[in-house]
Amino acid sequence: TNAAVVVMRPQTGEILGMVDPRYKEEERVDGQVNMALAPRQPGSSFKPFTYLTAFEQGYTAATMVMDIPTTFPDPPNEPYSPMNIDLKYHGAMRLRKALACSYNIPAVKLLDMVGVRNVVQTARRLGITTLTNDWYGLSLTLGSGEVRLLDMVFAYSTFANGGIMAGEPVLEWERRPGFRELQPVTVLLIEDADGNILKQYTHPDARRVAEPQPVYILTSILSDSEARRPAFGASAANLVLKGRPVATKTGSTNEYWDAWTLGFTPQYTVGVWVGNADRHKMKYMPGSIGAGPI
């Protein structure tokens, strides 16, 4: 019953559009929540942070990984045995296919290889503000940590910029060590009743938060529509733009509580969330089918 969309200009960090599912006639609390700002589980749309961390550590799109039954020690939790969404195993594959097809077991293996703490630091550096705990388990790469749609679009905008974050400075008293130093631009101009300019946004600040080479590899994979076709089939058509390249990534949660699709070109970054604000589950609604068409 609900959907939220954020559109951003990567080069400047400006929010061009934000549509949230608040309805004036809906008096329930869940109808008054801006789902573009509400923390929700992102599903596999979080995986690019894991893969970017791996590419920064020297792994490549051709690095091999095994998609086979695997149980991981995950203290203090019980041992963790992830499953792919199709309940199948696909054997040896390159990281390109593992990410493009969004297979879960390779993503968990990669998180274990590169380190959970390193991936959390990557996500914070690229703009995610909600991962504030000291410890996360291996399910983090599958989206167990809640994030905001606006933050995800801001982070994906750094991918669109080749690793450069653009926006306006975070207020000094709101800054936190290890987290982003810039934030999305929400206000362009403020005038008083006499027409005096109190605030005017003229140009973005910019910070390089990731090197261009690993971001290039990540973008190449997210733009590879043929690599994702074995897993997405007909729904892969929801993840392309006719006549031009576009990088996209979906996210789906257990029981289909949340469905996400994020995508970018050099000019625009778009994020879509679909779900129910009161958190009751949907009926078979993965990101490619629920959010992808939007």
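Remember, predicted model here, so these are calculated numbers, not experimental data.
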List the steps, then state whether side-chain hydrogen bond (donor to acceptor under 3.5 Å, both in side chains) holds for T253 with R40.
CA-CA 10 Å; T253 57; R40 302 284 291 218; over 6 Å; no
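- Looking at D278, its side chain does come within 3.5 Å of a backbone N or O of H280 through a donor-acceptor pair.
- The closest donor-acceptor contact from the side chain of D192 to the backbone of D194 lies under 3.5 Å.
- Taking CG from N133 and CG from L140, the interatomic distance works out to 10.0 Å, rounded to the nearest 0.5 Å.
- Across all non-hydrogen atoms, the minimal contact from P82 to T70 is CD-O, 3.7 Å.
- By the criterion of side-chain heavy atoms lying less than 4.5 angstrom apart, applied directly or through intervening Ile, Leu, Val, Met, Phe, Trp or Tyr residues, V108 is grouped together with Y51 in one hydrophobic cluster.
- To the nearest 0.5 Å, atoms CG (L142) and OG (S102) are separated by 8.5 Å.
- Between R125 and E56 there is a salt bridge, with a side-chain nitrogen of the basic residue lying less than 4.0 Å from a carboxylate oxygen of the acidic one.
- The distance from atom CG of L110 to atom CD1 of I105, rounded to the nearest 0.5 Å, is 13.5 Å.
- We find the CD1-CG distance between I15 and L188 to be 10.0 Å, quoted to the nearest 0.5 Å.
- Without hydrogens or angle criteria, T141 side chain to L111 main chain gives no donor-acceptor distance under 3.5 Å.
- Residues satisfying the side-chain contact (heavy atoms from CB on, under 4.5 Å) criterion with E78, sequence neighbours excluded, are absent altogether.
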Checking K88 against D67 for the salt bridge (charged side-chain N to carboxylate O under 4.0 Å, His left out) test, could you report, in this order, the C-alpha distance in whole Å, the side-chain angles of both residues, the deciding distance, and whether it holds?
CA-CA 9 Å; K88 298 178 181 179; D67 182 11; over 6 Å; no
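- A donor-acceptor contact shorter than 3.5 Å links the side chain of N84 to the backbone of N104.
- Residues P169 and R175 approach most closely at CB-NH2, 3.9 Å, considering heavy atoms.
- Between E146 and R279, at least one side-chain nitrogen of the basic residue sits less than 4.0 Å from a carboxylate oxygen of the acidic one, meeting the salt-bridge criterion.
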Can you check side chain to side chain contact (heavy atoms under 4.5 Å, CB included) on V114 and Q57, steps first, answer last?
CA-CA 8 Å; V114 302; Q57 292 185 10; 3.6 Å; yes
Please report the C-alpha distance between R124 and T129 in whole Å, then the side-chain angles of each, then the deciding distance to 0.1 Å, and finally whether the side-chain hydrogen bond (donor to acceptor under 3.5 Å, both in side chains) criterion is met.
CA-CA 6 Å; R124 291 173 177 174; T129 62; over 6 Å; no
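- Proximity of Y156 to S45: side-chain heavy atoms (C-beta onward) are separated by under 4.5 Å at one or more points.
- The shortest non-hydrogen separation linking N2 to W273 is CB-CZ3, 3.7 Å.
- Among all heavy-atom pairs drawn from I221 and A100, the shortest one is CG2-N, 3.9 Å.
- Side-chain atoms of W257 and M282, non-hydrogen and from C-beta on, never get closer than 4.5 Å to each other.
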Determine, step by step, whether N238 and S288 satisfy the side-chain hydrogen bond (donor to acceptor under 3.5 Å, both in side chains) criterion, reporting the C-alpha distance in whole Å, the side-chain angles of both residues, the deciding distance to 0.1 Å, and the verdict.
CA-CA 6 Å; N238 295 328; S288 59; 5.6 Å; no
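- The local environment of OH in Y268 is sparse, with at most 12 non-hydrogen atoms from other residues, nucleotides or ligands closer than 6.0 Å.
- Contacts classified as ring-ring contact (aromatic ring centres under 6.0 Å, His included) and involving residues 194-245 (residues at least two apart or in different chains) are not found.
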Residue pair N276, K281: steps toward the side-chain hydrogen bond (donor to acceptor under 3.5 Å, both in side chains) verdict
CA-CA 7 Å; N276 295 302; K281 66 182 181 180; over 6 Å; no
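- When atom types are taken as modelled, the side chain of S252 and the backbone of P286 share no donor-acceptor pair closer than 3.5 angstrom.
- Checking side-chain atoms of T63 against main-chain N and O of Y59 turns up no donor-acceptor pair under 3.5 Å.
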Applying side chain to side chain contact (heavy atoms under 4.5 Å, CB included) to L150 and M152, what does each step give before you reach the verdict?
CA-CA 5 Å; L150 178 59; M152 289 289 280; over 6 Å; no
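- Put simply, the side chain of Q41 never gets that close to the backbone of V147: no donor and acceptor are under 3.5 Å apart.
- The minimum heavy-atom distance between A61 and I217, with the atom names listed, is CB-CG2, 3.9 Å.
- There is a path of hydrophobic side-chain contacts, each under 4.5 Å, that joins Y256 to I294.
- The one candidate from L126, I164, T12, T269 that meets the side-chain contact (heavy atoms from CB on, under 4.5 Å) condition with S157 is T269.
- Between the OG1 atom in T158 and the CG atom in L52 there is a gap of 8.0 Å [rounded to 0.5 Å].
- Note on M113: it clusters hydrophobically with Y103, by side-chain heavy-atom contacts below 4.5 Å among ILVMFWY residues.
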Let me see the working for L99 and K249 under side chain to side chain contact (heavy atoms under 4.5 Å, CB included), right down to the final yes or no.
CA-CA 9 Å; L99 174 57; K249 185 70 191 78; 4.0 Å; yes
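- Looking at heavy atoms from C-beta onward, E181 lies out of side-chain contact with M165 at the 4.5 angstrom threshold.
- Within a 6.0 Å radius of CD1 in I85, other residues, nucleotides and ligands contribute 12 heavy atoms or fewer.
- A 4.5 Å side-chain heavy-atom check between R148 and T130 finds at least one atom pair inside the cut-off.
- Remark: side-chain polar atoms of S44 are not paired, donor with acceptor, to backbone N or O of T250 under 3.5 angstrom.
- Atom CZ of R208 has more than 12 neighbouring heavy atoms from other residues, nucleotides or ligands inside a 6.0 Å radius.
- Follow the hydrophobic side-chain contacts under 4.5 Å out from L138 and you reach I128 in the same cluster.
- Put simply, the side chain of R117 never gets that close to the backbone of Y136: no donor and acceptor are under 3.5 Å apart.
- Inter-residue side-chain proximity for V270 and L262 is flagged as unmet; no heavy-atom pair is nearer than 4.5 Å.
- Heavy atoms of other residues, nucleotides or ligands lying less than 6.0 angstrom from CG of N254 number 12 at most.
- At a threshold of 4.5 Å between non-hydrogen side-chain atoms, the residues W260 and L149 count as touching.
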With side chain to side chain contact (heavy atoms under 4.5 Å, CB included) as the criterion, how do S139 and Y80 come out once you've worked through the C-alpha distance, each side chain's angles and the decisive distance to 0.1 Å?
CA-CA 8 Å; S139 62; Y80 182 44; 3.7 Å; yes
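- The two residues A98 and V65 come nearest to each other via the heavy atoms CB-CG1, 4.3 Å.
- The hydrophobic clustering, which links ILVMFWY residues whose side-chain heavy atoms are closer than 4.5 Å, places F154 and M35 together.
- Between P69 and Y89, the closest side-chain pair of non-hydrogen atoms falls below 4.5 Å.
- Within the 4.5 Å cutoff, no side-chain heavy atoms of T60 are placed close to those of F55.
- In this structure, the side chain of R94 does not engage the main chain of R96 through any donor-acceptor pair within 3.5 Å.
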